[in-house]
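Just follow the structure's listing: the first ligand is 1, and inside any ligand the first atom is 1. The model shown is predicted, which means the values in this text are computed figures rather than measured ones. The figures here come from the full heavy-atom set of this structure, side chains too, leaving out hydrogens, waters and symmetry mates. We number each residue from 1, following the sequence as shown.
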Amino acid sequence: MKLSELGERKFLTTVVRKLLEHSELDDVYHKDGIVYKMDGFPLSFGFTFSDPYDIGWKSITAAVSDVVAKGSLPNEVMISIGLDPDLEVSDASALMEGIIDSTNYYGGKVVGGDTNGSKKGEGWIDVAIIGKALCYKPLSNAKEGDTIVLTNKIGMTTVAFISFLKGIEVPHHFLTSLRHPVANRYLPLVMHNNCEHISTSTDISDGLLISLSKVAEASGKGVNLTTIPYREDVLDQLNRLSMDPFSSLKYGGEEYEALLVVTGREVEHIMEEMSNWGMRPLIVGKVIEREGLYFMGKKMEPSGWDNFRGWD
Ligand SMILES: Nc1ncnc2c1ncn2[C@@H]1O[C@H](COP(=O)(O)OP(=O)(O)O)[C@@H](O)[C@H]1O
Ligand SMILES: Cc1ncc(C[n+]2csc(CCOP(=O)(O)OP(=O)(O)O)c2C)c(N)n1
Ligand SMILES: [Mg+2]
């Protein structure tokens with residue numbers, strides 16, 4: 001069987017998980033207050049419209065997103081790059097500047113890395129981060145009745161992805177978050193202040209549905225999504241593209257927002273604090289007893305980005 005038939009998530013849960021020291025496949029590995037993260041992508045994921053600086057910036061944001069979503073702050077950062085020998089030095093410098101600026105923005109420091117040659121069009125960036133946990137909660141910790149809060153409304157990348165797949169030109173502003181995504185660096189502080197009320201948390205970089213179902217599976221519970229958390233301009237544009245919001249959900253990913261799973265009555269207070277730090281949070285669902293993923297009580301399949309299958 002080929003990897004493309006099995007899919008990335010099944011490969012991780014049925015093959016990789018068995019070979020690891022521990023069985024929890026969380027966004028970061030946590031031990032004694034320290035978190036460990038590795039995240040990478042081929043440079044071709046920068047599409048044709050991203051410049052080298054922004055690709056460097058984004059490689060850090062993608063990795064930091066998992067760290068901040070787990071209530072942690074990045075410290076040491078290491079970078080492994082593979083570059084085409086024909087690349088201009090000025091472009092390679094811009095890529096490194098994007099990496100350094102982004103790391104500084106999130107409060108970390110680049111302490112080293114590795115440089116390799118790649119074939120044309122096959123370069124990559126891998127980022128490793130060691131960080132400090134201010135409020136780490138394992139994915140398995142979600143409890144029945146918990147409220148699920150998303151840091152901001154989403155959908156910009158979904159419009160871009162659907163437009164590409166349809167071969168339609170994308171209005172410029174929908175590309176901004178794909179080019180230069182910014183994760184909220186204050187989220188770990190809000191989580192730290194309210195840690196006793198947070199059951200767990202995760203980012204939504206592979207798409208909202210995948211992340212919700214990871215929470216459900218890890219905790220042995222279910223998740224009921226109660227709204228489609230798209231921005232108004234996204235809903236308008238999907239309408240123009242003749243796509244309904246529900247079927248668009250699977251074309252997600254590369255949105256560096258986070259889900260907080262909140263227990264008890266502090267939800268409003270936590271959302272107010274998030275607003276004070278620049279987020280516009282909203283409630284998107286609940287943890288329920290019945291296993292699986294549901295939309296307004298109706299069972300649905302988790303779908304989203306898969307590195308071996310694309311949007312699946
Ligand atoms: N090649 C690998 N070897 C060991 N663990 C891996 C490998 N690839 C992924 N994992 C682990 O599987 C889990 C899920 O990975 P991934 O989907 O890439 O996470 P995320 O989307 O949060 O970046 C993580 O705990 C990660 O550390
Ligand atoms: C050419 C191209 N096709 C498809 C995509 C879409 N895409 C690539 S990676 C990804 C998911 C998230 O990536 P990342 O945050 O690096 O992944 P993680 O390891 O955290 O899951 C998506 C939606 C793209 N960026 N470029
Ligand atoms: Mg990630």
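- Under the 4.0 angstrom criterion for non-hydrogen atoms, Lys214 is in contact with ligand 1.
- Close contacts of ligand 1 with Asp27, meaning ligand atoms under 4.0 Å from a residue heavy atom, involve 22 (O).
- Counting only non-hydrogen atoms, the option in Phe161, Phe164, Phe41, Tyr256 that gets closest to atom 14 (P) of ligand 2 is Tyr256.
- The ring of Phe161 has its center closer than 6.0 angstrom to the ring center of Trp311.
- Within the 4.0 Å heavy-atom shell around ligand 2 one finds Trp311.
- The aromatic ring centres of Phe45 and Trp305 sit less than 6.0 Å apart.
- The pair Lys37-Asp66 meets the salt-bridge criterion, with a side-chain N (NZ, NE, NH1 or NH2) lying under 4.0 Å from an Asp/Glu carboxylate O.
- Residue contacts with ligand 2, taken as heavy atom pairs separated by less than 4.0 Å, do not involve Ala63 at all.
- For Arg309 and Asp312, the salt-bridge test passes: some basic side-chain N is under 4.0 Å from an acidic carboxylate O.
- Using a 4.0 Å cut-off between heavy atoms, Trp305 contacts ligand 2 through its side chain alone, with no backbone atom that close.
- Heavy atoms of Leu12 found under 4.0 angstrom from ligand 1 belong exclusively to the side chain.
- With atom 25 (O) of ligand 1 as the reference point, the heavy atom nearest to it among Asp26, Asp206, Leu19 is part of Asp26.
- Counting heavy atoms from C-beta outward, Ile168 and Leu241 have side chains that approach closer than 4.5 Å.
- Classification of Lys58 and Glu254 as a salt-bridged pair holds, one side-chain N sitting under 4.0 Å from a carboxylate O.
- With respect to Lys70 and Asp27, no salt bridge is recorded, no charged nitrogen being found less than 4.0 Å from a carboxylate O.
- Across Val16, Thr13, Asp66, heavy-atom proximity to atom 6 (C) of ligand 1 is greatest for Val16.
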